[in-house]
**Q** 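First the structure, which I've put down as C-alpha cells, then a few questions once you've had a look.
In the text below, chain A, chain B and the rest are named by the order of the sequence lines, each starting its count at 1. Not measured: the values here are computed from a predicted model.
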Amino acid sequence: MKLDRPDDRGRFGEYGGRFAPETLMPALDELERAFEKAWGDESFVNRYKELLNTYVGRPTPQHLAPRLSEQLGVTVLLKREDLAHTGAHKINNAIGQGMLVQVMGKRRLIAETGAGQHGVATATAAAYFGLECAIYMGEKDIERQRLNVYRMHLLGAEVIPVTSGAGTLKDATNEAMREWVRSVEYTHYTIGSVVGPHPFPWIVREFQKVIGEESIAQLGEVRPDVVVACVGGGSNAAGIFYPYLDTGADLVGVEAGGLGIDTGKHGASIGAGSPGVLHGSRTYMLQDADGQVIEAHSVSAGLDYPGVGPEHSYFADRGMARYESVTDEEALDAVDLLAKTEGIIPAIESAHAIAWVARERVALAGKTVLINLSGRGDKDVEQIARIRGMA
Amino acid sequence: MGADLLRDLFARARSESRTAFLPFMTAGLPTPDESLSVFASIEGADAFEVGIPYSDPLMDGPTIQAAGQAALKAGTTLKRGLSIASEVGKTTGKPVIIMTYANVVFQVTPMRFAAMAADAGASAVIIADLPIDEAAPIQAAVEAAGLGMVLFVAPTTDERRISDIVAANPVFIYGVAELGVTGERTAASGHAAGLAKRVRAASDVPLVMGVGISTPEQAAAMRPYADGVIVGSALVRPVLEAPTIEDARRDVAAISRKIADALR
C-alpha cells in the first residue's frame, strides 16, 4: 500500500526511523514540524511551484525518443530532468529545502554530494536565498566530477574534501552529519536523497514527486507500461515512482551493478544487500556479518552508495517496485547509445536506466517504457574520455 | 554483577563526593593481541568504556574514527572485541561498558548482542546513534540480560525529551558536554553546567559527562556537576601516534594518571 507519509515513528513499514545522535533529535523534530506546516500551507506550496516554474524551468519536457525506440523495438519516452536548472532533478529538492530553511531561520546550508549534482543544486539554492554553504564531497568524487567542483566554487560554496573511507558518497554523508552535529544551532543539513533519519526521506520524496505528477499530466491518456529510473539513494526514482504507483505501471529501479554483482564491487543495496541501519534509517544496505558497512563501487559517483532510501526498501519487500542492476560497462555503452540516437548525453547515473531498457529490449518489445532521465552528462565527459581512451 | 556494579560505583562515588573516571578505549587497538595491554596501562579508572569499532561512526571525530579503522583493519570482530572487554573486566575487576553503533547490534539482533555482552561480563551498553525514540527493543534486550542501558542528553535536548529519557530509567545518562562529535577541544565546555542543571531538575539518575573532555583541567571542571567523566580521544590518540606499543602504554598511563588525579 502506498503511504502518503511515514508513520509517527518515521517508518515506511519496518524501514526508516530516526537512528541519529541525540544532539540532532530536536533539529529533526523542528524540521518535521516546519515541513508539515509549510507543506500544508497554500502560500508556501504556491511559492514553491512558482519557483519551480520561473527559476528551475519546470515543467521539464517529456517526449518520445524516436530513433532509440526504433533501434530497440520499444516505445521509449524520456522525462527530461536533465533540462532542469543545474542539469538534474536535484534542484527540485534543494529549492524546497532552501525555502524551509528560510522558514526555520537558519543561516547556513550543508550537504553531501557524490556526483556533484546535489552539491551544485544546494550551492545554487544557497546563492538564490543568500545563505552560507559548505558541501562535503569525497576526494575520489572530487577527482572524477571535477567540473561540478568548479561549479560549486563559482556559486560561492565551500567544497570540503572528505578523505575517510573510500572517499565517496557514504563518507561525504558521514562527514556532513558530523558537521551538522557540531553546527546544528544555525545550520540546516540539506540531504540530497530520500535517505537519512526521518523526516528527510519523506521531505525529499515530497519535493521530488513533482517529476511523476508532471509526467502523468503531460501524457494525457497515454500510460506507460513500465517506468524506469536509476537508484543510488533513490530520489529521482522516488519522485517518479510515487505518483505512478496508482497507475498500474511496472516500476523498475536500476541499481549500480558495478563490475558485476558476483565480484562484490557494486552498489546494489536492494539486489545484493540486507536490512540494517545506515545514515540514520533502517533500510537495505551492503554490510558484512558483523554489521560493518561494505564499500560500494560504481563508475557513477551518484550511485556509488551502499544504502538506499527506506521507502524503496518498503516498495521492494512488497513488490510495489522491483530493483534490477546493470554493470558499469553497460551504463557507459548506454551513454553512447542515447548520445548517438537522440543527441542527448545523459549522466552516467541516468544511463543505468537506459542500459536496463536496452538489455531487456526483447522482453519489453512493443511496450511503452518511460525513462526518468535524471541528469545530464556534461559532468561525466572528462571521466568517460579517460575511461574510453579519448582523452 | 551487570548493571549493579555500575550502580554501586556511582553510589560509592557520591558518598565520597567524588567524580568517577570512565576512560574510553577502542577494542583491538593497535591490534587485537596488543589491545589488553593498552587497557591495562590506563591508570585510575573506575570503569572502562570499551569501544567495539564500527565502519561508519557518525558520532566520532577523526581520532576515534582512525582508531576504529585501524582496529578493524587489524582484524577486530565483534566477538574479538567482546572477548577483549571480558579480559579487561576480569583483569581489573572494574565495570565494563560496551560502546558501539546500532547496526552492529541489529545485525546480530539485540537479543543475541545482549547475551554476548552479558557473557563478556559487561555492565552496560552505550549505542551512539540510538536516541530514546528508537531505544526500546535494544534496551529491553539489554536489561533482560541484566545489563544497564545508557541514554544520552545533549545540550540541544529539551525538557520534554529529558523527562522521557529519565522515565526510561537508564543506568546513567551520558551528558554530551559539547555540540559536535567526539574529539579534543582547546576550550572548556560552555554547555555542561546548564545541561547538568536541567537533568538534575528532572532526576537524580547518575550523570556522566563526555565529548570534548581531554585535559585534566576540563575533567576537573566537571566535578561540580557530574557523577563521572568520560575521556576518549585524548587516550586513543597516543596509541595511534606512538612509535611502539611501549611508548603508547607509557603515554596512556601518564595522561590517564593526570586525569584521574584531577578528579580526586
**Q** At a heavy-atom distance under 4.5 Å, which candidate from A:Glu185, A:Gln292, A:Arg182 has the highest pair count against chain B?
**A**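 So the answer, after comparing A:Glu185, A:Gln292, A:Arg182, is A:Gln292.
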**Q** Looking at side-chain heavy atoms only, is the closest gap between B:Asn169 and B:Glu143 below 4.5 Å?
**A**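 Answer no - side chains too far apart.
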**Q** Report yes or no: is the cationic atom of A:Arg107 (NZ for Lys, CZ for Arg) under 6.0 Å from the centre of the six-membered ring of A:Tyr186, at an angle within 45° of the ring normal?
**A**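 Yes.
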**Q** Quick one: sort the A:Tyr305 and A:His279 rings into parallel, tilted or perpendicular, breaks at 30° and 60°.
**A**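 The arrangement is parallel - the two ring planes meet at less than 30°.
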**Q** So what's closer than 4.5 Å to chain B heavy atoms on A:Arg282: side chain, backbone, both or neither?
**A**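 Contact with chain B is absent: no heavy atom of A:Arg282 under 4.5 Å.
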**Q** Using heavy-atom distances under 4.5 Å, tell me whether B:Val104 contacts chain A through its side chain, its backbone, both, or neither.
**A**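 Its backbone and side chain both get close to chain A.
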**Q** Can you tell which of A:Glu179, A:Glu295, A:Met25, A:Met177 has the highest number of heavy-atom pairs within less than 4.5 Å of chain B?
**A**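 Most heavy-atom pairs within the cutoff with chain B belong to A:Met25.
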**Q** Pick from A:Ala289, A:Gly165, A:Ser274, A:Gly17: which one has the most heavy-atom pairs with chain B under 4.5 Å?
**A**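 Highest number of heavy-atom pairs under 4.5 Å: A:Ala289.
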**Q** With a 4.5 angstrom heavy-atom cut-off, which part of B:Ile52 approaches chain A: side chain, backbone, both or neither?
**A**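 Interface part for B:Ile52: neither.
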**Q** Measure distances from A:Ser164 to the heavy atoms of chain B and classify the residue's part below 4.5 Å as side chain, backbone, both or neither.
**A**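 For A:Ser164, side-chain heavy atoms alone lie under 4.5 Å from chain B.
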**Q** Could you tell me whether B:Arg198 and B:Glu159 make a salt bridge, using a distance below 4.0 angstrom between a side-chain N and a carboxylate O?
**A**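 Yes, this pair counts.
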**Q** Please determine which of A:Met285, A:His266, A:Lys170 meets the side-chain contact (heavy atoms from CB on, under 4.5 Å) test together with A:Pro306.
**A**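 Only match with A:Pro306 under side-chain contact (heavy atoms from CB on, under 4.5 Å): A:Lys170.
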